[in-house]
Every structure is written in structure tokens, then in C-alpha cells.
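Convention: sequence-line order gives letters A, B, ...; per-chain numbering from 1. Quick caveat: nothing in here was measured; it's all calculated off a predicted structure.
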Amino acid sequence: MEKYNHKKIEKKWQKRWQNSNLFKTDKKDNSKEKFYLLDMFPYPSGRGLHMGHTEQAAVTDTLYRFYRMNGKNVLHPQGFDSFGLPAENFAIKTGIHPSESTKTAIKTFKKQMDSLGLAYDFTGDVITSEPNYYKWTQFIFGKFFENKLVYKKNSKTNWCNSCSTVIANEQVKEGKCERCGTEIEQKYVPSWMFKITDFADDLINDLDKVDWPESTIKNQRNWIGKSQGAEIKFKVKSLKLKVENENLKFIKVFTTRPDTLFGSTFIVLAPEHELIVECQPQITNYDEVKKYIENAKKKTDMQRVEGKGKTGTKLEGIFAINPANNKEIPIFISDYVLSGYGSGAIMAVPAHDERDFEFAKKYNLEIIEVISGGDVLQEAYIGDGILINSGEFNGLLGKEAIKKITEFVKGKMVSNYRLRDWSISRQRYWGCPIPIVYSPDGQPKFVGEENLPWLLPTDVDFIPTGEAPLIKSKELKQRVERIFGKGWTPEADTMDTFVDSSWYFLRYLDPENDQKFASAEAIKHWMPVDLYIGGAEHTCMHLLYARFFVKAMKKIGLIDFDEPFIKLRHQGIVRDKVGKKMSKSKGNVVSPDEMIERFGADATRAYMLFVSPLEDDIIWNEENIIGVYRFLEKVWNLKSLIINYESQITNNKIEKLVHKTIKKVSEDIKELKFNTAISALMILVNEMEKQKEVTVVNYQLLITLLSPFAPHLAEELWAQLGNEEFILMQNWPKYDLELTKDKIINLVIQVNGKLRDVIEVAFDISEEDVKKIALKSEKIKKWLIGKEVVKIIFVKGKLLNIVIK
RNA sequence: GCCCGGGUGGUGAAAUUGGUAUACACGAGAGACUUAAAAUCUCUUGGGGGAAACUCCGUGCGGGUUCAAGUCCCGCCCCGGGCACCA
């Protein structure tokens, strides 16, 4: 018999599948139930497909085949998230234009995906850097612009010196650039902002509607960071003009603890607070204050936090009035108060806030205990408790105190969020051009749908200078003047690539439509995504942004649903055998190509699914893939054991096991428990081998069950049995429930909860009968000598537990 | 510091959700085939005691609930991830 040779069969079936257009979905077929199965699409890196892609693909491909065989109309598209920095950096190094290197990389990716036998539908080529795609990114931007969901702001932004561009808050990890690890600086750069904060509440509340991993939901909630509290106004007075009713201003503060208001002994403003400039004439030490502000501006956020202890400067000449007790309290500025959160000002309560306590200790400020608890002269007491030193409110507790004091000082209950608006301007070349032009007097205007796609110019040098490369494009400049008139200028920034990936799942539904980003019918039929598979590293970025896009698009009437991804699961990370992340610099990268060459696509895919549960990391240990390869080999070799007559032994034992396996594999795939599904198949194969014979029917059932995991091998064996249709077009096997139940079972006999005997009995044996057998058993009897039986617990079909004293 | 996960053989991991702990696989050891090796096949493989039958211990640690705990409750320890001066 011929040996299992993956090289021979895999190429052959890949070609046949391609030639018959097997993986193309008829999106208009309403006769079957739809299933939208989505992969997070890849960035087509020049290095080609890595193991992470391979694992994700193995997961969705298995599911695609399973659901299709189960009669669903499965949409399983794939595209490329092809704008981005690596291609541009590569261009700077080599002179090869990003559009060229991107095209080459996409070709490589597709070839590698084919060599894994992946059933992707590439219809319409959804490639974000192609004008027929980014035209619609710009269209949506235009709609957002018209509906005031995007605005331009000159504010402090996160600047990465190495990437020479602004990046969004979500793209800063521990004060460093998420992409290159460079420390982020604060820089004032005019930037287009998406109003994601308008949707903060919906982004939190609608998390109740999705079936996502708990940690991902928690991360999103945490990122949005909603906190409820009160906004309270403090009057500001000047020492020079210390006369009645001579209020300079108000300071608004946000606090989650208005119940501690009587303990507020000073006010702290962020260095950027507007009051400082407004009260300049009244502030007597303005020079000193100015120095502090300038110093603070120079620090990065990291440095502000890391710096030893808190710093600050008192604003001499002015003071605030605590509205609870009308006490005059000093005003400080300090960079421990953030300008971007709340109103950029706090009421400091040193007795009950660690930061305020530290500040008060350093500057010798009054500490008044207003919640009874710890020793507030030693450290701040943070918890809830009974109010003291709070006038008529003494004795109140928690919520009631919060409510009453807020009412008393005419405060307002408000919510604040950690989430900031999404800055999307990038001072780089290889991104979607922002479709905005400026009038001669500097007013921004959307270029208009008739001018889309607003093409990315090609006459540009990419060397980063900190200035957007598009500024240097003559073509763009001329284009703008030609269309809009003399003196009009283009926007030179491009968009964050996360914008491109915030709506691609809609384009897949109708990728060849040149009238709309997708037809209303297609969206209605296919959305939302039934199952989304991708890495957990996107919990605060891509997923948040895509959800925002859907909510914003719904608000302006472009679509009519509010959550894009109903069910989401993450695959783990593929690590090397000592558990390190694979990376080029560590030199521990394993290439899928090499694995396909050595073990085949089937073994590579099945191994990734077998070796650990979906969401756990994969330790890539080559010693282990052998086991899966041997298993596939065994399935191949079983051919020689096929018999054409009815065999009593085989029927009884194997048939029952086959039906049990159908049940187990079907249920496990649905629950994404691929590792145990494959082990169930291994058990079946081991048993068939042991019996030394297998009927054609059972063998066919085995390879059908195997086909989602090892499609090439299954297809080859299926054809060798004389079948003409692809195995993918077969119905998924059904099991006979009766056959999955054992008539004879092993029943456990325990004494005081310890296993003492196992008896073979009918599955439905009565308690009385079990007791009789158990009490006769020598193994049991010896434990009962001289003991009193207190009670007997019987669990039908499982065990009998005799409790003795 | 706060919020999530997670600690089970030499290794990757199972365990019907409270009911036989370690399925499946790798590795290791022994044997068979072979002139030999590779491949393949068979057996053994949590620890201790015992010729054996058998028995005691065992799911990070310490308590608890229960006839019964890897699984539930309380208190710790360690590892991974996210957030972090957010008032």
C-alpha cells in the first residue's frame, strides 16, 4: 500500500478546490440560515504569514467547513489591512514604493493561505489601501464631518519621535509607543478627532448585548472608565479686592466623594487650567507660577508620574471658598491634576485621598477628618463611613451623605470618562488621505463625494521630517487649486490605519458595489457578525473603534444595528518551546512554510488545534507535532483494514463508539473545543486499529468527522472510496442518541467517599440491586467489619457511597 | 495599588460543571522485528510501602462546607495580562 504523502495530496486538492470555486459564497442565497464567520484581517507584512495567522486561520477554516456541512450559508471572507508604517519604512530603506511592496506581500499571503488549504472567499479583493476601498473610508469620514462627529483640535497629543507621528491614547502602552516602544512625548499638534466620547455610555451599556470573553469586556469597561460623581462650584476671590460679592470666577471641580466636602482644605488646578491666565492680574507670584507651568509642559506624562513626590505652586493673591462651610482655602497648581479629565481641577480632601494627603503633608496644609475611620494624621482613610466635622450632616452615611451635601451646595450629579476622543491624524504617507481641503481663510471643507476617491498622491518623498509628507506633493496642491480655486490648500495628514479596519466587515458583504459601501439588503441580511476570531491584543483598540464606528454610522442613518460582533473569541499566542514570544530579533520564529513542507498543512493545522484550548497560548514544540502526524498516518493506513462484510464484533463495539464520537466532535466544535474533538477522533482510530477491521460506512463517517481538521487527507480518502462530490459538500453526520448510551456501565462503590470497588452493571440498575451486590462484595465487606452503616448515598448510573461510623 | 485570567504527572493538557483525578498526545524506560539503524508494534510510566493482593498520600498553601471537593466558600502565596496620580 502507498504511504501517506502529504506533499502529493495537498497540492492536488488545493488546485481542484480553487478551480471549482468551491469557497465562494452565494451571498444572495436566502434559502439557508446565514453564518458570518470573520477573521481579524491581517496586515500584509513583507515577512509573510506567521504562526499566529496560521492558528487563527486553522480555527476559522475548521468552523467554516463544519458549519457549511451543517447546512448553513457561511460567509468566510478574507482581505488585507494594507495601509501602515512597515511598508512605508521599507520604502524609505529600499526605495520600493509601498503600493508595490504591499502588492507583492499580498500575493505571498494569498499563496501561503492557499498552501494551508484555507477556504477563504477573496471576492472583490477587500484591500484597505486600494482606492476602491478607501473611497468608502473617506465617504464615511465625510458623513462624520457633516454630522459633526469629527473635529479638528490643536491640543496636546501623544507624539512618537521614532514614528514621527501623533498617535492615539489607545496606542500608548505604559507611556511608550505601542508599535516601536519609543517613549511618548506630549506635543501640540493640530489633529482630527473622532468624537468617540459621545458614545461612551452606549459603548459601556451595549457590552451587555455581546458574548465576549469576560476579560475583554472588563478591559473595555476599564478603558472607557466611567465614574459617577458631582460637579461642584467653588467661588474664587482676590485678596486685593477682598470685599463682599467681589467674585472673580468659579472653579468647577469633579468629585466622586462629595460627602467629604467639609474636609476639602485646598483646591488644585492642572497647570493648563484656564483660570490661571484669566486671573493673572490678581496672582501676585505669577512669575513663579509661569515657571512651574513651563516646567510641567516639558515633562512627559511618564515623567510626571515617575518624578519623586508631588510638586506644586500656590497661587498667591487669590483663594477659593469651600461652599459647604464658607471657609477660605488656598489654590495650588500641580501636575498631579490632569487637564484632560473632569474639569482639570480638584477639591483636595487630604484626610481621605492618598494623593491629596501626600501633597498636604509636603506643603503643610490643613487635614480635617470628616469620615470616622483611620488615623488621618498618619495616612489618608479612603473608605466609606459616618460623617463627622460636617455640620448638620454629621452622622450621615455613604450615598445619603453624597446626595444631601451635593444638593446643599447646589452641585450637579455628572459622569466622567477616562476615554478621550480618538485622534486619527497621522503625519505619515502610507495611509488613507483625509478628504479635507482648506479655504484661503483656513476653513476646512470636505472634498465632496463627487471627488472620491481622494487619491493618495504618488509624487512624494517619504523620509519622515515630522511634517506630513503629502505637504510636498505638487500634484495634490495643484489638484486642490484646480477643483476648489486658488488659495485652497489640502489637508496633508493621513488617517490612523485603525480607521480602515473599523468598517471592513461591512465591505465584505458587498465588495463589488461601486454605488455604496455596501447595500442595505446585504447589511440587513448578514450583520451582525456571528463569530469573530482574533487576538486579544485588540481589546482596547480595534474592537472599541469598530464598535464606535457602528454606533456613529447608526446615529447618522447609514446602518441599522448597534453591535458589530455578537460573539468574539481570542486565540492564544504561539510561543517558542521555552515559552517566549516569537520575534525576528530573538531569532526564534518558526515559519508555517517550513512546517507545511515537513509535516503538511493538515498536520500543522490539526496540531495547533490539538495542542491546547483555543484561548490558551501554543508552545511550539516540534516533538509534539509528530503525534498528530502519526494520527493522520494511522487514518490513512486504516484503509487496508476496510471490510465489505458485516461483522458482529465490529458492529457492536465500533458502531457505538462512532456514534459517541459524532456526538462528541459535533458538540466540541460548536463550543470551540477543538483539542478534545481531535482527541475523541484519536480514540476512535485507536479502537478501529485494535479491532483490525472497519466497515466502509464507519470509515466514511470517520473521515467526514476528520475533514474540518485535515481537509486534504479527508478529501483524498473520500475520493479513493469512489465518491465524486467534494467531501465539503456532504452533510455532517448525525448520531443515533440510543447508540451513544451505554447499556452496561461501570458503577463505583465507595466507602466513606473512597473508591473501594467498581462493578459492571446495567445502566438503569436500582439502588436496591446495587446495595445487594455491594454488600456481598469482598472488597466492600472488609471495610464494614465492626462498623455501623450510617447512611447510603446512591447516584443513579454513577455510584453508591456507604457511610460508616 | 486596582481590575481580569490562571496554578493538575517529566511536558502540552483532560475531567460529563460537586460524583472513578491525570483521557488524548509528547517524552522517557523495557521488549519485539532488524546484520545494524531508522520507522513500526507491544508493555510500563504521579509519589511512597509491599513478592503480590492491596494500601497510604496526591490537583500552589492553610482552613471550611458536604456522604463526596481539581470543581463551592473564607484567608494567603506564586505566575500571566490589562489599567495606573482618572479625583
Side-chain angles (χ1 to χ4, degrees), chain A residues 3 173-175 213-223 225-227 229-230 253-257 260 264 268 270 301 304-307 309-310 334-338 340-349 352-356 358-359 382 416-420 536-537 539-540 573 577 579 607 610-613 615-628 630-631 633-634 637 664 667 673 675-683 685-686 689 746-758 778-779 782 790-795 797-804:
Chain A
K3 279 176 81 177
K173 302 278 160 193
E174 293 175 346
E214 197 54 35
S215 61
T216 304
I217 290 181
K218 284 274 160 62
N219 280 162
Q220 291 235 339
R221 283 224 168 87
N222 190 5
W223 186 262
K226 180 175 182 163
S227 59
V253 303
F254 173 73
T255 176
T256 55
R257 294 296 300 274
T260 64
S264 177
V268 188
D301 276 1
R304 283 191 180 192
V305 180
E306 277 170 359
K310 299 200 173 0
S334 172
D335 59 17
Y336 86 86
V337 174
L338 307 172
Y341 185 77
S343 54
I346 60 154
M347 56 175 235
V349 184
H352 305 290
D353 181 284
E354 282 169 351
R355 298 150 300 181
D356 299 345
E358 187 190 333
F359 195 83
I382 313 299
N416 255 306
Y417 304 88
R418 222 187 70 93
L419 183 71
R420 307 290 150 82
E537 67 275 20
T539 51
C540 293
I573 297 166
K577 63 177 165 206
Y607 169 66
F610 172 69
V611 75
S612 65
E615 58 288 351
D616 287 11
D617 290 351
I618 289 179
I619 306 292
W620 192 264
N621 193 337
E622 269 177 37
E623 283 172 346
N624 289 331
I625 192 171
I626 287 288
V628 173
R630 281 184 199 146
F631 161 66
E633 226 170 10
K634 279 187 198 172
N637 294 336
K664 174 83 179 148
E667 288 170 358
K673 287 154 75 173
N675 53 336
T676 48
I678 292 173
S679 92
L681 289 169
M682 287 173 168
I683 291 168
V685 167
N686 290 346
E689 247 191 352
N746 289 327
L747 197 134
V748 169
I749 315 287
Q750 299 177 332
V751 177
N752 275 0
K754 291 200 171 165
L755 176 85
R756 297 303 178 191
D757 199 4
V758 180
E778 291 302 326
K779 289 180 183 172
K782 72 174 185 190
V790 182
K791 65 171 153 178
I792 295 181
I793 308 281
F794 179 65
V795 183
K798 289 235 166 77
L799 59 79
L800 185 84
N801 186 10
I802 302 167
V803 186
I804 56 171

query = Is atom CD of A:Glu354 surrounded by more than 12 heavy atoms (other residues, nucleotides or ligands) closer than 6.0 Å?
reply = no
ask   = Now, which nucleotide makes the Watson-Crick or G-U wobble pair with B:A28, with each of the two distances under 3.5 Å?
value = B:U44
ask   = Atom CG of A:Asp353 to atom C1' of B:C2: distance rounded to whole Å?
value = 14 Å
message = What is the separation between atom CH2 on A:Trp223 and atom C1' on B:A84, rounded to the nearest whole Å?
response = 10 Å
key: Rounded distance (Å) that lies between atom C1' of B:U66 and atom CD1 of A:Ile793   = 10 Å
query = Paired with B:G18: which nucleotide, if any, by Watson-Crick or G-U wobble criteria at under 3.5 Å for both distances?
reply = none
message = Students often get this wrong, so: under 4.0 angstrom with heavy atoms, is A:Ile619 touching a base, only sugar-phosphate, or nothing?
response = nothing
inquiry  = What's the closest nucleotide to the side chain of A:Asn801 if the choices are B:A14, B:A87, B:A68?
reply    = B:A68
note = A:Asn752 CG to B:A68 P, in whole Å, measures 8 Å
query = Atom CZ of A:Arg221 and atom C1' of B:G82: how far apart are they, to the nearest Å?
reply = 15 Å
remark   = A:Lys634 has its side chain closest, among B:U40, B:A15, B:C41, to B:C41
request  = Return the value, rounded to whole Å, for the distance between atom CG of A:Leu681 and atom P of B:A23.
outcome  = 18 Å
task = Indicate the ring-plane relationship of A:Tyr607 and A:Trp620, choosing parallel, tilted or perpendicular according to the 30° and 60° boundaries.
result = perpendicular
query = What's the CG-C1' distance between A:Asp757 and B:A53, to the nearest Å?
reply = 14 Å
message = Quick check: on RNA chain B, is the nucleotide nearest A:Ile625 upstream (toward 5') of the one nearest A:Val803, or the reverse? Name the residue that is more 5'.
response = A:Ile625
ask   = A:Arg420 or A:Gln750: which one's nearest nucleotide on RNA chain B is closer to the 5' end?
value = A:Gln750
request  = Could you work out which one of B:A87, B:C56, B:G12 sits closest to the side chain of A:Val611?
outcome  = B:G12
message = Let's test this: given Watson-Crick or G-U wobble pairing with both distances under 3.5 Å, identify the partner of B:C2.
response = B:G82
remark   = Rounded to whole Å, CD of A:Glu615 lies from C1' of B:G81 at a distance of 14 Å
query = From B:A87, B:C83, B:C4, pick the nucleotide closest to the side chain of A:Lys218?
reply = B:C4
